[in-house]
Amino acid sequence: MNLIFLGPPGAGKGTLAAKAVDILKLPHISTGAIFRAAMAEGTPLGLKAKAIMEAGQLVDDETTIGLVKDRLAQDDVGGGYILDGFPRTIPQAEALAAFSKVQKVVNFDIPDETVLERLGGRRVCRKCGHNFHVIFDKPKTEGVCDHCGGEVYTRDDDKAEAIQKRLEVYRAQTAPLIDFYRAQGIMVDVDARPPVDQVVENFKKALGV
Ligand code: ADP
Ligand code: AMP
């Protein structure tokens, strides 16, 4: 199944995707994670993305589309994929349609105040990318990942000004995708407000799995 996770930053897309990988046996492809890995490695892509991401802006469509096209051409994608954080603009969605057939779009239904609470407390493992939260999902030892022992840090784009900017960018550039995909009849809405286990149940019900 070719799936897109659509929702504002902090909606819980990455967290649900980590669970959905086990349920659906599909690879989780997060463009944000690809950019963060490139930044950590100091590759040309990472150097290009760094300032843009820290300012809460979007990396240009051409770069991002090229990256996803290459990723979807890899062998592990044969049985489908979970795309998290892409597409984020109408041109990205149009480009995607030309090289892959999206079957379902999962729309994360969540109010702004919940998003702000989640982004403000998000912590991430620098090594494996696992998401934590200072209130809802604390690492057992502060600053240390439960899964791989990596350093748990606050993303630069989870600082207050960048959060505001990212929500503005979401409303202006990404939210129009809700109507774009709803018009195609492939959208399913998932109530993303409850605790993670309940969101997983809502997701399974919405997809009929
Ligand atoms: P996104 O990938 O949509 O930007 P994340 O999956 O990174 O969002 O989640 C943002 C923050 O909210 C993380 O700190 C995560 O631990 C926390 N979180 C995710 N889902 C839930 C939930 N259902 N209830 C409470 N906290 C959550
Ligand atoms: P995320 O991990 O999905 O919150 O993404 C983090 C950041 O990476 C975003 O704020 C953007 O700067 C960049 N990014 C991720 N996905 C895209 C995309 N599809 N288009 C443009 N920029 C992206």
Side-chain angles (χ1 to χ4, degrees), residues 4-21 28-39 45-46 48-69 71-72 82-96 106-111 113-125 129-139 145-147 152-159 161-170 172-174 177 190-203:
I4 288 177
F5 280 10
L6 180 63
K13 302 182 297 295
T15 302
L16 178 63
K19 307 268 181 194
V21 161
H28 169 205
I29 301 172
S30 154
T31 39
I34 295 173
F35 289 133
R36 279 187 290 282
M39 271 163 59
L45 176 68
K48 184 173 181 179
K50 190 173 190 306
I52 298 171
M53 287 173 72
E54 284 173 5
Q57 307 272 10
L58 295 183
V59 177
D60 66 277
D61 283 342
E62 194 187 347
T63 303
T64 311
I65 291 163
L67 184 102
V68 172
K69 192 172 182 190
R71 181 63 187 86
L72 294 190
I82 300 168
L83 258 182
D84 157 18
F86 182 95
R88 253 176 160 100
T89 64
I90 297 279
Q92 290 181 10
E94 288 169 345
L96 175 65
V106 177
N107 181 40
F108 284 62
D109 200 359
I110 191 156
E113 75 230 43
T114 312
V115 156
L116 290 172
E117 187 180 42
R118 289 187 185 174
L119 286 177
R122 174 158 63 186
R123 300 292 181 271
V124 179
C125 174
H130 188 86
N131 283 314
F132 294 93
H133 191 282
V134 289
I135 298 168
F136 307 122
D137 185 11
K138 279 197 225 175
C145 178
D146 298 350
H147 305 276
V152 172
Y153 79 116
T154 304
R155 282 169 44 174
D156 285 321
D157 58 354
D158 280 346
K159 312 233 160 102
E161 308 97 271
I163 287 179
Q164 283 309 330
K165 185 71 208 168
R166 286 160 69 212
L167 289 176
E168 271 172 40
V169 167
Y170 170 77
Q173 300 198 52
T174 309
L177 291 174
V190 167
D191 180 1
R193 290 169 300 176
V196 177
D197 289 351
Q198 184 60 50
V199 176
V200 171
E201 290 311 310
N202 295 348
F203 166 75

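Indexing begins at 1, ligand by ligand and atom by atom, following the structure's order. Values below: all heavy atoms of this structure, side chains included; hydrogens, waters and symmetry mates excluded.
Scanning the protein for heavy atoms near atom 8 (O) of ligand 1, the closest one is G12 N, 3.1 Å. Closest to atom 15 (C) of ligand 1 among all protein heavy atoms lies T15 OG1, 3.7 Å.
In summary, the atoms of ligand 1 found under 4.0 Å from a heavy atom of V196, numbered by their order in the structure, are 20 (N), 21 (C), 22 (C), 23 (N). Below 4.0 Å from some heavy atom of G14 lie the following atoms of ligand 1, by number and element: 1 (P), 2 (O), 6 (O). Heavy-atom contacts of F136 reach the following atoms of ligand 1: 25 (C), 26 (N) (cutoff under 4.0 Å). If you number the atoms of ligand 1 from 1 as listed, the ones under 4.0 Å from a heavy atom of N131 come out as 5 (P), 6 (O), 7 (O).
The two residues T174 and P87 have their closest heavy-atom pair at CG2-O, 4.4 Å. Looking at every heavy atom in both residues, L119 comes nearest to G10 through CD2-CA, 3.4 Å. Among all heavy-atom pairs drawn from A17 and D84, the shortest one is CB-OD2, 4.5 Å. Nearest heavy atoms, G85 versus K13: N-CE, 4.4 Å. Closest non-hydrogen pair, V190 versus F203, comes out as CG2-CA, 4.0 Å. Closest heavy-atom contact between P8 and F108: CD-O, 4.1 Å.
If you check each of R118, R166, Q198 against atom 24 (N) of ligand 1, the one with the closest non-hydrogen atom is R118. In the candidate list F108, F5, F132, F132 is nearest to atom 13 (C) of ligand 1, counting heavy atoms. Residue nearest to atom 17 (C) of ligand 1, selected from E117, R122, H133: H133 (by heavy-atom distance).
For the pair K13 and ligand 1, the shortest N or O to N or O distance falls below 3.5 Å. Where the criterion is an N or O separation shorter than 3.5 Å, residue side chain and backbone included, A11 meets it with respect to ligand 1.
In this structure R118 satisfies the side-chain hydrogen bond (donor to acceptor under 3.5 Å, both in side chains) test with no other residue, sequence neighbours excluded.
Side-chain N/O atoms of T154 and R123 include a donor and acceptor closer than 3.5 Å.
A side chain to side chain contact (heavy atoms under 4.5 Å, CB included) with I4 is found for exactly one of L177, N107, V106, L96, namely L96.
R88 places none of its side-chain heavy atoms less than 4.5 Å from the side chain of Q173. The shortest side-chain heavy-atom distance between K19 and V199 does not fall under the 4.5 Å cut-off.
The 12-atom threshold is not exceeded at CZ of R193, counting heavy atoms of other residues, nucleotides or ligands nearer than 6.0 Å.
The part of P194 lying near ligand 1 is the backbone, judged by heavy-atom distances below 4.0 Å. At a 4.0 Å heavy-atom cut-off, ligand 1 touches V199 through the side chain alone.
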*Might you work through the side-chain contact (heavy atoms from CB on, under 4.5 Å) test for L58 and I52, ending with a clear yes or no?*
CA-CA 6 Å; L58 295 183; I52 298 171; 5.6 Å; no

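Annotation: ligand 2 has protein neighbours T31, G32, F35, R36, M53, Q57, L58, V59, T64, G85, F86, R88, Q92, R155, D157, R166, each with a heavy atom less than 4.0 angstrom from the ligand.
Put simply, no part of G7 is less than 4.0 Å from ligand 1, judged by heavy atoms.
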